[in-house]
Amino acid sequence: MAAILEVSGLTAAFPTPAGPARVLDGVNFQVQDGEILGIVGESGSGKTLTALSVLGLLPAAARVLGGEIVYRGSNLLALDRRAMNRVRGEQMAMIFQNPRSSLNPLYRVETTLAQVLRTHRRLRGDEARRVEIELLADVGLSDPARVLRRFPHELSGGMCQRVMIAYAIASNPRLLIADEPTTALDVTVQLQIIELLARLRQEHGLTLVLITHNLSVVAELCDRVLVMYLGRIVEEAPVLEIFDRPRHPYTVGLLGSRPSVHAGGSLRTIPGQVPDPRERPRGCAFHTRCAFAQELCATDAPLPETVGDNHVVECHFWRELA
Amino acid sequence: MSAAALDTRPALAPRRLARAGRFVRANPVTSVGFAIIGLLIAIALLAPLIAPYGSDQLDASSVLSPPSSTHLFGTGTYGEDIFSRVLYGARYDLLIGFAAVAIGLTLGCSLGAIAGFFADPVDEIIMRVMDMISAFPAFVLAMGIAGALGPSLRNLIVAIALVNVPVYARLMRGSFLVVKRSQYATAAVGVGAPPWRILRWHLLPNTWSPIFVQATLQFGYAILDAAGLSFIGLGIRVPTPEWGVMVSLGIEQVITGQWWVSFFPGLAIAIAVMGFNLVGDGLRDLLDPRRS
């Protein structure tokens, strides 16, 4: 498998009165063609911002300070807006956490879909209508012709997310980034959406980047996992490896914080909160909350170390953990 | 649905009537507002047909006579029929309101949209100019503009429109900033929609409803401002049957007891302003797209 997307040294910040808040601090990763890559981490770890930067959708206030985002050989950060607009939609697309607010409330589903088809595939009239119905059937909506006539507020959350997925794949992108696609949905619907994404990957040869804090979703769906903390990727490994042999204390903490039917007793948590990115701790960013932290952690930032097959971790003391 | 079930449904016209009936019951206050505006428009259009006298027709035999069956609202200093003139006045005041709102809205919304869509420094420049305009009390500024341009119908409209430009610009910019950050706009950019399409399909249509509400409210205030400016002689000149002018014509008679000369045009102003305010408030609720 070849890398379809290579992000290296990606650094981004929001200017604030107290100085720039570095929300992404040298993010490096690759996405292999055809895989499902999971990105996990707490809120504020930079998962969503990483995804937004790939599509050039960062909020206007944010500044990319450095790094490269190379998609099939071209650096997206260097593209002009027109070229970037062709990449968005035709090469990659994104779906969001809250499906209902991702769809413009003023338009029927048919209008929303027709817009993408016209922009990227030059489809109009009957032909467009045929494709719209195909798309909705493809995302598992049982009565496409009826759904086309609906407004977003007339659809359930799960249906909205399906429509949003249809909207995103309408122009046949190769890479789909899903930002917590199931978080806002009912548990029963979550599984359906996960299954839909898995099926779409098979049928359309999609490459999928799945941002989530639901580790069961990761276990269910992903091939590889990135663990992010405070704008850095602290661990990267194939999915079984991450669950069987987590090397970073933060990953261990995340896995330990899962509610379990069997364990009983109180839920374990990682103490403290993600620090303010304006006051990024020196050394290893996680040392303020880490049970294994030593003096070295507060002064020197750990370098990425390969600890197994495709398994990379940024921690001074991963050996002690193992 | 079976044919028999279809047959039991009332015919189209009664169904519409039933829907209107439900609307009135659900929104009694807004309905009153709509009724007032509808009535005013009808009066403006039909003034020559329903007015018993011409707007400048003088009856020398009855000067300053109180309301009676021949002169419903009484007569003025020159024997003019107040009732007829109040009816004709609807033409002027509605025209001024409409023109002033249309001009102010177009200018203000364009500026606000530009400010909201483009980042600094365009935004900063436009909005600081708007701040300068709104630093003056609106009516005083309108007086200044109308005074500088000279009293005429056109200048009156221009003055009122300019004064209200910042109101629309601020509102439009605010709405724009909100919808610009909306997830559906981001999602549309994310599937590669070009900027003009984002603007035309996703941003503009979603800013429309607060603007529409404000325009309706401003319509009432524009009439009030027009009447005020004409009252102090900076708007329309005397023989024209504009309500503000008419109030000022009768103001000296109020002291001597002939209250009707000023009272009825004043009442017309109050009713018109109230009508637009009621509708504006009602629209605010009705235009919420999430309300089904």
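Protein chains get the first letters and strands the later ones, always in sequence-line order, with residue 1 at the start of each.
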Quiz item: So which part of B:A185 gets closer than 4.5 Å to some heavy atom of chain A, the side chain, the backbone, both or neither?
Solution: neither
Determine whether more than 12 heavy atoms belonging to other residues, nucleotides or ligands lie under 6.0 Å from atom [atom1] of [X].
X	atom1	result
B:R128	CZ	yes
B:Y184	OH	yes
B:R181	CZ	no
A:R118	CZ	yes
B:F212	CZ	no

Counting heavy-atom pairs under 4.5 Å with chain B, which one of [options] comes out on top?
options	value
A:I177, A:V116, A:L103	A:L103
A:R86, A:H120, A:E90	A:H120
A:P173, A:S102, A:S171	A:S102
A:G56, A:A170, A:A168, A:S101	A:S101

Could you tell me which non-hydrogen atom of [X] sits nearest to which non-hydrogen atom of [Y], and how far apart they are?
X	Y	answer
B:P195	A:N85	CD-ND2, 3.7 Å
A:T119	B:G192	CG2-O, 3.9 Å
B:A187	A:Y167	O-CE2, 4.2 Å

Quiz item: Atom CG in A:L55, atom OG1 in B:T186: separation rounded to 0.5 Å?
Solution: 11.0 Å
Quiz item: In Å and rounded to the nearest 0.5 Å, what is the CG to CD distance from A:L57 to B:Q183?
Solution: 10.5 Å
Practice problem: Keeping the roles fixed (side chain from B:R197, backbone from A:Q115), state whether a donor-acceptor pair exists under 3.5 Å. | Solution: yes
Under a 4.5 Å heavy-atom cut-off, does chain B meet the side chain of [X], its backbone, both or neither?
X	result
A:R81	side chain
A:T111	side chain
A:M84	neither

Exercise. Indicate yes or no: at least one non-hydrogen side-chain atom of A:Y107 is less than 4.5 angstrom from one of B:P205.
Key: yes
